[in-house]
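Only heavy atoms go into these numbers, but all of them, side chains included; no hydrogens, no water, no symmetry mates. Quick note on labels: first sequence line is chain A, next is B, and so on, each numbered from 1.
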Amino acid sequence: MKRRTITDITRVEGHGGISVDIKDGKILDIKVNVYEGPRLVEQLVVGKSPRDVLNIVPRICGICSLSHRYAALLALEKALGVKVPKATEMARNLMLIGEILQSHVLHLYFLALPDFLGYGSSIDLIDNHEDLIMLSLGLKSFGYRMNQVLSGRMVHGENPVLGGFGLFPERSALLELKEKSQEFIAMVQSTIELFASFEFPVTYDKEITFMCLNPTDGEYAYLGDSVVVSDGTEWGIDDYKEYVKEYVVPYSSAKRAKYKGKPFTVGALARINLLGERLTGEAGRYYKSLYSNNWKANPLFTNLAQAIEVLHCLESVPKLVDRIIKLKEPGIVEAELDSGASVGAVEAPRGTLYHYYEIENGLVRSCDVVTPTAQNLDDIEKSLKIAGEQLISLDSMDKLESTLEMITRAYDPCISCSAHLIRINYTDKDS
Amino acid sequence: MRVLWMEKGKLKEFFYSMKAFGELWGPIQKGKTRIYGKAENFSDLKLEPGRTALPIKKLIHPSKFTMFKYDKQEYSTKLENIPRRVILGVSPCDIHGLLKLDEIFLEEEPDPYYEKRRDNTAIIGISYCKPCCDSCICQSMGTDVVDEGYDLFFSDLEDFYLVWVGSSLGDDLVRLNPAVFHDDIDRTKLEKFVECKKERDKLFACSIDMDVLPDIMELSYDSPIWDELGDKCLECGACTMVCPSCNCYNVIDEVYLSEGKGKRFRYWDCCIFKEYSLVAGDHNFRENRGERLRLWYGHKLNSFGPYGRPACVGCGRCVDACPVDINVLTVARALLESK
Amino acid sequence: MLNKKRIGIYSFTGCSGEQLVILECGKYLLKLYEVVDIVGFPMAQSKNTIMDLDIALLEGSITTESQLAELKEIRDSAKTLVALGTCACYGGIQSMKLGEGDWKKRFQEVYGADDKLYNKMKPMESKPCNEFVTIDYYIPGCPMDKGQFLHTISHIINDTPPHLYPFPVCTECKWKENDCLLNRGELCLGPLTRGGCGAVCPSHNIPCVGCWGPAEVTNMPSEYKLLLEKGYSQIEIFRNFRKFGGTPMVEKLKNMMEKLR
Amino acid sequence: MHEKEENSNPYLPEHARIVRKYNLSSDVRFFQIRYVDMDRALTMKYLPGQFMMFSVPGVGEAPFSISSTPSRPGLLEFCIREVGDVTSALFKLKENAIIGIRGPYGDGFPLDDIQGHDLLIIVGGLGAAPLRSLLLYALDNRDDFGKLYLLHGARTPEDMLFREEFLEMMERDDLNCLLAVDEDPTGKWKCHIARVTDLFDHVKDIDIENTYAAVCGPPVMYKFVLEKLVNIGIPKNQILMTLERRMKCGMGKCGHCVVGDIYTCMEGPVFSYWDVLNMKGLI
Ligand SMILES: Cc1cc2nc3c(=O)[nH]c(=O)nc-3n(C[C@H](O)[C@H](O)[C@H](O)COP(=O)(O)OP(=O)(O)OC[C@H]3O[C@@H](n4cnc5c(N)ncnc54)[C@H](O)[C@@H]3O)c2cc1C
Ligand code: SF4
Ligand code: SF4
Ligand code: SF4
């Protein structure tokens with residue numbers, strides 16, 4: 001038996017590898033191992049105050065730290081009876097949009113694009129595709145500027161606190177975001193067209209099970225109290241533990257999740273498949289012209305889905321800003337309770353993110369975090385197997401390797417966060 | 001000195017007319033604090049008793065700035081980029097603070113950065129019939145009144161201003177809109193001025209006995225007070241940053257990624273930091289925090305600068321800034337009690 | 001430049017924040033690629049090595065045997081080692097319970113009593129890089145600041161010593177003209193925390209949580225007493241000191257308690 | 001290339017070339033430098049005891065005492081010990097390299113006061129840097145001074161800065177050159193094996209009341225030497241010493257060198273023992 005290990009999938013965030021077992025020219029097994037060392041974040045927050053939680057959990061992942069912060073805020077606020085004003089809520093949504101934008105841009109231009117154009121890194125693109133590089137740098141800076149305005153800094157901004165913002169974003173800064181967001185629209189449109197022109201090396205015919213939050217207001221948005229599934233079911237986020245079942249595999253430090261005993265996918269592709277009809281503006285136009293049944297089966301469409309979401313995010317900025325600045329500047333709402341338990345969920349760039357906290361006398365008793373990448377890992381393995389079987393006949397190991405990497409990357413796995421989704425069972429019950 | 005008066009309502013008009021000189025600045029509100037900031041509108045200005053977080057020194061001796069750039073060929077400064085500014089609403093103690101800094105930066109070899117900013121800044125002082133706050137000690141320091149260091153000085157006497165013209169630049173500013181000034185100062189106006197000052201004198205809540213303090217300071221060199229204070233001091237630097245008469249700075253070189261280019265920049269330093277007086281061989285002339293505090297209070301309460309006078313201008317900022325309550329008032333009190 | 005320096009950027013246990021900061025350096029990143037050979041940067045490029053390095057930039061703390069082995073290999077192959085971010089410099093949040101109770105038991109509470117994964121992963125409690133190898137320069141911060149990164153890396157590339165601020169957060173907080181939170185009764189770690197972030201949090205009315213790690217010279221006993229006076233409990237104060245304090249804080253707390261006894 | 005103009009920015013260094021450099025001991029190196037601008041090189045005026053700020057772009061600045069004498073214009077000489085950033089960078093530079101310098105700064109030795117008097121120059125270790133300047137100046141203007149003594153102590157012969165130069169001076173009859181080492185592992189040392197303070201036994205025929213003493217050395221040396229000088233009766237205001245402090249500007253602006261309200265860079269680095277007794281914290 002020959003065993004190939006593609007150690008350290010490069011150009012994803014964190015540490016992961018794919019191992020492929022091949023026997024007699026046949027793929028026996030493909031596994032995604034997550035090597036990342038343990039941090040036991042959910043355990044670190046036990047015995048801490050809600051404020052401490054908000055300092056700690058964003059550090060699970062640098063790229064989606066605000067999603068973690070937001071999910072934790074929603075859970076903690078619900079548990080402690082805090083209801084924030086509309087302006088606070090909308091500013092937080094704007095913050096989430098900034099993060100999705102910035103994360104997608106990193107994935108599309110820095111991690112995925114070199115694959116499609118055949119380069120080793122995005123920096124290598126500089127000679128022949130300077131415009132793309134400059135666009136990506138500009139867009140990314142804009143995403144970080146959004147993070148800065150709303151959360152206080154580029155990464156791990158502490159400004160969003162329980163009940164509101166330490167310092168509510170200034171009107172002038174919000175208006176600056178509104179104006180600046182429009183500069184990129186045309187260029188992002190051409191990026192969508194570029195991604196639409198790429199040929200995929202693998203074909204898929206089996207439909208994927210998708211899942212995402214169902215925004216209550218009927219818009220294409222990243223928040224909701226219930227989850228829609230492509231099989232037609234819908235359930236409230238409070239029940240997430242029943243539907244998103246976690247389990248451990250012995251070859252990886254990350255937990256996995258199954259829905260009704262089967263793998264499923266969350267993230268941009270899931271959202272576009274489930275909510276795409278709701279897209280408006282230019283993003284809506286691109287959705288209508290590009291969407292096809294293939295999007296239901298082939299994970300490589302994630303790239304296009306993300307590109308459309310980038311456009312959608314840019315188009316959403318002015319609308320949100322206009323709504324925020326019409327409202328009175330909100331203060332910080334103090335917590336009424338010091339005990340309680342609740343779930344908070346947001347659509348992070350890579351998909352649905354759940355945070356659960358149980359607070360007793362002002363301190364955390366237990367915590368559970370389920371990250372999008374954890375939910376995707378099984379499907380990543382599944383689609384790698386399908387691809388592997390198609391490609392093994394080519395008998396080119398290099399092609400096999402690079403394609404498997406490319407598919408893994410399409411899921412945009414944030415492996416550094418997937419390592420932290422281990423559920424903690426100790427809840428101090430026996431102590 | 002030429003003294004004029006102005007109707008209360010005319011200041012706004014005069015303020016805008018000074019735009020001809022440069023950017024318009026003054027005390028404005030930023031979140032929970034008041035700062036000297038750019039005032040787009042006259043209504044942004046907080047023209048009432050109260051203190052800014054940092055003194056006016058931040059505009060003349062900025063907390064950090066590039067001194068010059070270098071490349072393989074030469075060292076170059078761009079002093080011509082320093083903007084011209086009018087600052088309306090500078091407190092007397094802050095003007096005294098500038099006078100202290102002038103002694104350091106303008107005498108002997110003038111510091112071109114300070115000099116240029118000083119020249120490009122029109123200082124328009126203001127005083128009210130009330131002290132700025134409860135921790136003002138300017139009366140004890142003799143800095144509640146000021147007769148130099150400004151271009152114009154406004155005494156807010158409730159229904160009108162008395163305006164002192166302190167420099168030729170001040171005179172130029174008046175000429176920008178002479179119609180709003182009057183020079184017929186009658187007796188009632190002067191009486192109002194005297195009355196107002198008397199009223200204010202009664203309202204100061206804090207004082208330091210500066211007749212004896214410099215000597216006591218001198219005699220307390222070996223006092224255990226310094227060690228006690230040193231044990232408490234957080235070494236955070238807050239007192240020196242906010243003090244109008246603290247001038248110390250550090251210098252650091254920065255290189256650019258490309259070879260051979262870089263810049264040298266300056267940022268506020270603080271004598272309370274351990275590293276401040278460290279020399280080769282890790283020898284430190286002021287190893288203990290107590291010794292470092294003694295140096296600082298020596299400057300503030302006894303002798304500083306070429307003329308050897310106390311540097312404290314009584315602004316009270318250190319009183320508000322220090323989290324562990326080490327400031328000119330508490331130190332003075334401790335010294336007086338311990339003797 | 002005739003001989004371009006060979007640089008590698010490697011990551012251990014952390015959130016990848018530092019690598020993101022590097023990627024956000026924009027035109028300076030392009031410049032960096034111009035003036036040095038980036039031979040290792042797994043997050044951003046496909047071809048990577050750890051051989052013959054002039055400078056290795058390390059992110060994250062060490063939490064498994066294999067990371068430790070890799071760290072040692074990198075130390076052997078690199079002339080200069082730079083720790084990026086609070087995880088690599090001090091251990092990061094994952095070190096906040098360092099030394100508290102039995103770590104293996106904690107691990108098992110999470111992963112189950114079955115030792116299969118434990119034996120495979122060979123994990124250990126998080127420690128910063130300098131617990132195992134010599135580190136030449138430190139750029140703390142959670143995540144580090146772009147400006148401080150560029151300053152340090154430019155100096156190292158040009159063989160001149162970098163200078164990061166030696167003072168605590170309060171100094172910059174004063175430059176920013178904030179109202180002092182400690183004076184308002186908040187549990188602010190500004191006086192104990194290394195400056196360099198620009199006092200971001202106090203500038204947003206949020207007490208500093210210490211993410212730049214402990215400043216070298218501080219007066220911790222005084223801050224501790226002050227916080228007790230303000231009504232915080234010892235547990236609460238220590239919890240905050242340790243949040244980002246990593247290994248140096250363990251030492252500092254021990255010294256402080258001895259002193260106070 | 002940049003030229004110093006009148007009223008130009010005093011913080012901007014001027015270019016100077018390292019003409020020659022060699023080791024004086026294992027960690028001290030001799031630097032001979034010259035302004036790139038020849039006019040400037042020939043017209044520069046300074047006093048023994050003054051210092052210059054050396055600038056290595058990208059690294060920073062540090063003060064160094066001038067070791068050469070103004071009586072020999074053109075070249076400036078320094079001896080520099082490798083202790084930190086700027087000094088290490090200087091050590092790495094090759095001959096012909098360009099550095100930045102500015103100065104001279106500080107108050108040098110009060111030559112007007114010293115002239116006409118006997119002079120004891122007492123050197124320990126790196127104290128040779130400023131005192132060599134005074135010594136060479138006195139030798140070049142020999143008639144202006146009375147009796148002239150050099151008392152120079154080092155740990156071993158290897159550590160004695162300017163060893164050869166001073167050994168040659170022993171031949172002179174207008175200078176009493178007393179050289180001592182604490183120990184002599186080489187076994188070849190022909191002069192004293194003693195402490196600097198022991199050399200005072202060999203100081204004869206000076207008019208104590210009218211003698212000036214100039215001292216520079218490591219902090220420990222001051223204690224013993226000063227005591228000795230006071231004991232033999234040299235007036236305290238005629239005992240001169242140069243002191244070291246951290247300095248960032250050299251012009252009394254940055255504050256680092258301050259002692260009490262005295263800026264060492266402006267009112268020093270030369271102080272009298274009387275100053276020291278009056279200003280707590282000077283040494
Ligand atoms: C008037 C005067 C004349 C002098 N003349 C001479 C002379 O002729 N020859 C000579 O060799 N020296 C002389 N010196 C001393 C010399 O200027 C200092 O040793 C200077 O510090 C060397 O600069 P550097 O950059 O190499 O050292 P630095 O890098 O500044 O380090 C020097 C020492 O300062 C401390 N230090 C500095 N920065 C830090 C920091 N950030 N953190 C911790 N410690 C720090 C350390 O203890 C270190 O050993 C003179 C000094 C003065 C004031
Ligand atoms: S010592 Fe205190 S009161 Fe005096 S000027 Fe400085 S900050 Fe103001
Ligand atoms: S708010 Fe915090 S960081 Fe700022 S001065 Fe006060 S204690 Fe220091
Ligand atoms: S203020 Fe404190 S917590 Fe906030 S970024 Fe700075 S060091 Fe980190």
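Aromatic ring orientation, D:His256 versus B:Tyr276: parallel (interplanar angle below 30°, classes split at 30° and 60°).
Within the 3.5 Å criterion, the main-chain N or O of B:Glu109 finds a donor-acceptor partner in the side chain of D:Lys253. Remark: the backbone N or O of D:Pro57 is not paired with any side-chain donor or acceptor of B:Tyr75 at under 3.5 angstrom.
D:Val56 touches chain B through its backbone: at least one of N, CA, C or O sits under 4.5 Å from a heavy atom, while the side chain does not. For chain D, the nearby parts of B:Tyr249 are the backbone and the side chain; heavy atoms of each come within less than 4.5 Å. Of the atoms belonging to B:Pro306, not a single heavy atom falls under 4.5 Å from chain D. Using a 4.5 Å cut-off between heavy atoms, B:Phe105 contacts chain D through both its backbone and its side chain. Heavy-atom distances place no part of B:Tyr256 under 4.5 Å from chain D, backbone and side chain included. Both the backbone and the side chain of B:Glu275 come within less than 4.5 Å of a heavy atom in chain D. Only the side chain of B:Leu295 comes within less than 4.5 Å of a heavy atom in chain D; its backbone stays farther off. When heavy atoms are compared at a cutoff of 4.5 Å, B:Arg266 approaches chain D solely by way of its side chain, counted from C-beta outward. Using a 4.5 Å cut-off between heavy atoms, D:Met247 makes no contact with chain B at all.
In B:Glu218, the CD atom is not crowded: 12 or fewer heavy atoms of neighbouring residues, nucleotides or ligands sit closer than 6.0 Å. Sparse packing is recorded around CZ of D:Phe224, with 12 or fewer heavy atoms of other residues, nucleotides or ligands lying under 6.0 Å away. A 6.0 Å sphere centred on CZ of D:Arg195 holds no more than 12 heavy atoms belonging to other residues, nucleotides or ligands.
Residues B:Pro110 and D:Pro10 share a closest heavy-atom pair of O-CG, 3.8 Å. In plain terms, the two heavy atoms of D:Tyr11 and B:Pro112 that are nearest each other are CE1-CD, 3.7 Å.
Most heavy-atom pairs under 4.5 Å with chain D: of the set B:Ile252, B:Asn302, B:Val251, B:Leu79, this distinction falls to B:Val251. Listed options B:Glu291, B:Glu108, B:Arg264, B:Arg286 were ranked by heavy-atom pairs under 4.5 angstrom with chain D; first place goes to B:Arg264.
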- Apply side-chain contact (heavy atoms from CB on, under 4.5 Å) to B:Phe304 and D:Val258, showing your working. CA-CA 10 Å; B:Phe304 172 76; D:Val258 85; over 6 Å; no

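Between B:Met67 atom CE and D:Asn9 atom CG the span is 7.0 Å, to the nearest 0.5 Å. In this structure, the separation between OG on B:Ser303 and CD1 on D:Ile262 is 7.5 Å, given to the nearest 0.5 Å.
Using a 4.5 Å heavy-atom cutoff, the side chains of B:Asp269 and D:Lys248 are not in contact.
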